[in-house]
Amino acid sequence: MVEKLSLEKQILDGDRRALAKGITAIESSRLDHRQSADQLLQKLLPHSGNSIRIGISGAPGVGKSTFIESFGNHLIDIGHKVAVLAVDPSSVLTGGSILGDKTRMQTFSMRENAFVRPSPAGETLGGVTRRTRESLLLCEAAGFDVIIIETVGVGQSETRAADMVDAFVLLLLPSAGDELQGIKRGITELADIVLVNKADGEQRAVAQRTADEYRSALQFIKARHNAWKPIVSACSSFDGHGITEVWEHLIEMQLALKESGEFETHRADQALAWMWGETTALVLSDLKDNPGVRSSVLSIEKAVFSGALHPTLAARQLLEKFKGTT
Ligand code: GDP
């Protein structure tokens, strides 16, 4: 009889079904699942880290999924294994997901060396990012050497995604004239590569001009890395214009950061920030479960709500209950 391989071994063998199963355990809110997910992560951790982690962001409709399809197919064609994970805060509200729609990335997701995972639904943004970060490690252990984190370009989710990637790509639309002045503000200091998408047909020239404008605007924005000055280019996911260059830029960036030592320190900083984020979440959940806190939290909340107790003093009181000092 053939011995059944452990989930850990199957994931290390690159089995995508096992990988999906592992991620499901990570996303589960059941305590027993959580415990086995923690064990799995612990075992797979030494096999993670060997990928380039890319964040792709932009407003809805800018062409993120079409871009990922075209870019991802190109990467697979040149021999890479590509996983796409989503950080989607709207899944919290709708229970749906930006990657949930099966018609998205159709040709890409069918490829043998592709793995696509929608954002977990029904979670807080903090929960979504936490799980996405862990899923990313699992994908690396399964041999995926390019991990794309897709996020909708709205505030917090963008920042959270930037906190877990090596390079951050921002997609923008071509625009002309006065409109351009306004949207220039939409450019963030998170971006390492800015792409003006839909640079095809009649829009090609407009997209090139838009890229020039962004390039000059970027001079006044502080770069995220010392060894890499953000670049701007135009591309089209429809006719492939500029797509291969995006990968070349990413490789160039990775080399520059590795040479300067920033690649490693950036990842180490991210690991520390992750540790503190986890610690905060764990302490908070312990505090909320604490019997002393639970027995007095309602009256303390009421006092703050009515204005009888100052929030700072209330926080201190809760902490003292937690520590058992009152
Ligand atoms: P997302 O919401 O950012 O993921 O955007 P989608 O990838 O769903 O694309 C939104 C719309 O833009 C769709 O109708 C696409 O067909 C179209 N689109 C995406 N990429 C391009 C492109 O490179 N050129 C043109 N002309 N249209 C594009």
Side-chain angles (χ1 to χ4, degrees), residues 8 22-51 53 55 85-89 91-92 117 119-141 147 149 151 155-166 168 190 224-225 262-298 300-301 304 310-326:
E8 170 203 348
I23 294 179
T24 302
I26 283 176
E27 290 173 355
S28 169
S29 50
R30 270 179 50 181
L31 191 63
D32 55 334
H33 288 175
R34 182 66 246 174
Q35 281 163 346
S36 53
D38 282 345
Q39 283 171 5
L40 185 66
L41 274 169
Q42 199 59 40
K43 285 186 202 141
L44 292 177
L45 205 61
H47 304 277
S48 68
N50 293 323
S51 81
R53 305 167 180 170
L85 307 170
V87 174
D88 176 18
S91 67
V92 178
R117 183 79 179 192
S119 191
E123 280 273 4
T124 61
L125 178 57
V128 169
T129 28
R130 200 164 160 197
R131 290 166 207 290
T132 304
R133 218 186 275 269
E134 292 174 347
S135 305
L136 184 155
L137 300 182
L138 248 56
C139 291
E140 289 179 343
I147 318 278
I149 310 287
T151 181
Q156 276 286 308
S157 66
E158 208 172 42
T159 318
R160 299 283 183 100
D163 283 346
M164 61 178 108
V165 297
D166 305 315
F168 198 75
L190 295 175
R224 218 155 70 98
H225 304 280
E262 255 183 288
F263 188 85
E264 296 305 324
T265 47
H266 186 231
R267 280 204 176 175
D269 282 342
Q270 287 178 330
L272 270 188
W274 182 1
M275 179 195 83
W276 281 113
E278 275 298 297
T279 308
T280 311
L282 289 173
V283 171
L284 190 63
S285 108
D286 265 18
L287 181 141
K288 287 182 173 168
D289 281 348
N290 179 282
V293 171
R294 284 169 70 145
S295 64
S296 47
V297 72
L298 275 180
I300 294 180
E301 274 187 353
V304 171
H310 191 275
T312 306
L313 288 178
R316 187 78 27 228
Q317 281 183 15
L318 284 175
L319 195 66
E320 277 163 9
K321 299 272 174 216
F322 182 44
K323 293 199 292 195
T325 46
T326 57

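Values reported hereafter were calculated over all heavy atoms of this structure, with side chains retained and with hydrogens, waters and symmetry mates removed.
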Qualifying salt bridge (charged side-chain N to carboxylate O under 4.0 Å, His left out) pairs, either residue in residues 265-275, two or more places apart: D166-R267
Residues in side chain to side chain donor-acceptor pair (under 3.5 Å) contact with D163, at least two apart in sequence or another chain: none
Residue pair L190 / F168: nearest heavy atoms and the distance that separates them: O-CB, 3.3 Å
Sole candidate of M164, R160, E27, R117 that passes side-chain contact (heavy atoms from CB on, under 4.5 Å) when paired with T132: M164
Rounded distance [0.5 Å steps], NE2 in H225 versus OG1 in T265: 9.5 Å
Which atom of P46 lies closest to which atom of K43, heavy atoms considered: CD-O, 3.2 Å
Worked verdict on D289 versus R294 for side-chain contact (heavy atoms from CB on, under 4.5 Å): CA-CA 7 Å; D289 281 348; R294 284 169 70 145; 4.1 Å; yes
Whether T151 side chain and V87 backbone form a donor-acceptor pair below 3.5 Å: yes
Worked verdict on L284 versus K288 for side-chain contact (heavy atoms from CB on, under 4.5 Å): CA-CA 6 Å; L284 190 63; K288 287 182 173 168; 4.2 Å; yes
Gap between atom CD of E134 and atom CD1 of I26 - 0.5 Å precision: 5.0 Å
Nearest heavy atoms of I147 and E140, plus distance in Å: CD1-CG, 3.9 Å
L41 CG to S48 OG distance, which is reported to the nearest 0.5 Å: 9.0 Å
Value rounded to 0.5 Å, distance of OG in S285 from CG in N290: 11.0 Å
With sequence neighbours excluded, residues passing ring pair (Phe, Tyr, Trp, His ring centres under 6.0 Å) with H33: none
Atom pair CZ (R131) and OG (S29), whose distance is rounded to the nearest 0.5 Å: 7.0 Å
Donor-acceptor under 3.5 Å (E8 side chain, L44 main chain): no
Polar side-chain atom of R130 near backbone of E278 as donor-acceptor pair, under 3.5 Å: no
Side chain to side chain, L138 and L40, heavy atoms closer than 4.5 Å: yes
Short side-chain to backbone donor-acceptor contact, T280 and W276, under 3.5 Å: yes
Considering all heavy atoms, the nearest K321-G292 contact: CD-O, 3.9 Å
Separation of R34 CZ from D38 CG (nearest 0.5 Å): 4.0 Å
